[in-house]
Amino acid sequence: MDRVKIFDTTLRDGEQSPGCSMNLSEKIEVAKQLELMKVDVIEAGFAISSPGDFESVHTIAKSVKECSVASLARSTVKDIDAAWEAVKVAADPRIHLFIATSPLHMEYKLRMTPEQVLEKTAAMVAYARKYCSNIEFSAEDATRSDWEFLAKVVNVAIANGATVINLPDTVGYTTPTEMRALIEYMVKNTDHAGRAEFSVHCHNDLGMAVANSLAGVLGGARQIECTVNGLGERAGNTALEEVVMAMHTRPDLFESVTTGIDTTRIYRASKTVYNIIGQSAPLNKPIVGKNAFLHESGIHQHGVLANKKTYEILTPESVGIVANNLVLGKHSGKHAFENRLTELGYHLSPEELLACFEEFKALCDKKKTINDEDLEAIVLHKTAVGAMPDDAGYKLDRFVVHTSNFTTSTSTVSLTRDGERFEEVSLGDGPIDASFKAIDKIVNPEAHTFKTYTINSISEGKDTLGDVTVRLAAGGRTYVGKGLSTDIIEASILAYLNAINKMQYAAEKAREE
């Protein structure tokens with residue numbers, strides 16, 4: 001069987017999506033999940049775009065050992081030099097350079113003639129090849145390019161050393177029929193035999209990214225570029241979990257191909273990415289959404305009870321969602337707690353396990369039954385990577401709120417930092433607003449914009465944990481704060497304080513530099 005390589009660009013194209021930026025430690029955590037999932041290539045970033053991006057690519061390249069690490073580069077000497085400097089420490093470094101090939105892009109963006117694009121392609125691919133043999137060339141806006149001209153560009157790229165030819169649907173314009181035909185045309189009309197393989201990179205502007213990628217595979221492509229949860233510019237990219245499970249579930253259509261993905265790692269990777277960017281999966285999100293394996297209709301329930309295959313084309317276990325047969329509560333010990341986390345795919349250090357177990361025990365005093373959603377929420381919050389050391393920033397000591405529907409809310413908040421205690425009181429439009437204002441009085445944070453505040457219930461029942469996410473924007477960056485508690489005011493204070501601490505720490509580091 002042919003191997004369809006999975007090229008993950010969550011850390012480059014996905015992270016470019018508004019509100020989805022990640023700091024270095026968060027990117028490393030995502031890279032670890034991708035490596036465990038056995039993706040073939042991790043595109044770690046765009047090295048020349050900023051010193052921070054260069055550092056991220058370089059650090060991930062040093063950390064990842066089981067898959068290739070790539071950096072994106074425009075077809076310029078400076079970009080290629082930066083990309084190589086960032087990835088050269090990788091076990092299998094890849095330089096990924098691109099240039100636009102559609103008439104629209106060549107005329108208005110590049111201001112280059114087709115002949116100049118051909119010359120630039122030849123020169124820059126050859127230049128990159130001097131550094132390493134793993135060279136990917138992308139023809140930006142390929143699906144709106146003239147096919148005959150595109151074939152010339154592809155031939156020039158291969159002749160000068162490109163080993164992967166990526167044909168992106170950059171603006172999500174094409175359809176599955178067109179994508180398959182394009183790949184088939186390029187396979188037939190280019191001199192690639194034994195020297196290069198074709199790749200597809202599809203955007204979801206018309207909701208066809210996954211379908212277009214699968215059509216590309218049927219046409220002969222042997223690499224799919226995708227992101228966890230379909231993150232990416234505008235409407236996003238091909239969702240890794242969807243395209244992989246489509247091939248996994250329909251071997252009758254994809255009988256000659258396979259991927260190397262460990263599908264049981266998909267759910268954990270999805271949860272990790274959503275937690276880092278402060279989002280949650282839509283209820284009806286394929287593969288990883290909360291309702292993906294739920295059945296409420298009586299007819300459906302009857303069928304599933306008789307035979308799961310009546311309404312389930314894949315199992316929850318196949319993507320890492322494990323059924324729970326063990327009830328955890330206040331009398332459960334650390335061994336049972338650790339065993340359940342292992343079953344859920346979480347392998348914690350002794351320090352992390354102790355911190356999570358203590359949080360679990362505290363929750364047991366507030367909730368009668370602890371379910372898997374609670375456990376995952378505890379782990380994701382207690383082990384969340386951040387932009388600062390654990391002992392930095394302000395910590396919540398206590399708070400007191402007074403509120404009603406006929407008086408102005410008042411909140412008194414007490415915080416600690418470096419052994420000192422600070423306390424302020426403030427009025428506000430409700431207890432949460434008053435609490436945030438009291439925190440501002442203590443911290444005196446950098447100028448920022450309050451972007452979003454969301455709260456989700458972790459599980460069913462009135463005693464559920466409240467999972468609060470706060471997004472703040474300052475200096476062109478977004479700071480995501482997370483808070484978890486059965487008390488939604490406490491969860492809100494923790495989330496806001498988490499975001500403020502990250503923002504203040506970044507500002508302090510910038511001043512030091």
Side-chain donor-acceptor pair present, [X], [Y], cut-off under 3.5 Å:
{"X": "E233", "Y": "H203", "answer": "no"}
{"X": "D53", "Y": "S56", "answer": "no"}
{"X": "S25", "Y": "N23", "answer": "yes"}
{"X": "T403", "Y": "S409", "answer": "yes"}
{"X": "S75", "Y": "Y127", "answer": "no"}
{"X": "N284", "Y": "N291", "answer": "no"}
{"X": "S459", "Y": "K367", "answer": "yes"}
{"X": "T416", "Y": "K395", "answer": "no"}
{"X": "D141", "Y": "S102", "answer": "yes"}
{"X": "T174", "Y": "T143", "answer": "no"}

Side chain T342, main chain E338, donor-acceptor under 3.5 Å: yes

Output all residues satisfying salt bridge (charged side-chain N to carboxylate O under 4.0 Å, His left out) with R421, sequence neighbours left out; order by chain, then residue number. D397, E423

Quick one: sort the F422 and Y394 rings into parallel, tilted or perpendicular, breaks at 30° and 60°. perpendicular

Classify the ring geometry between W84 and Y131 as parallel (under 30°), tilted (30 to 60°) or perpendicular (over 60°). parallel

H96 vs E225 side-chain heavy atoms within contact, under 4.5 Å: yes

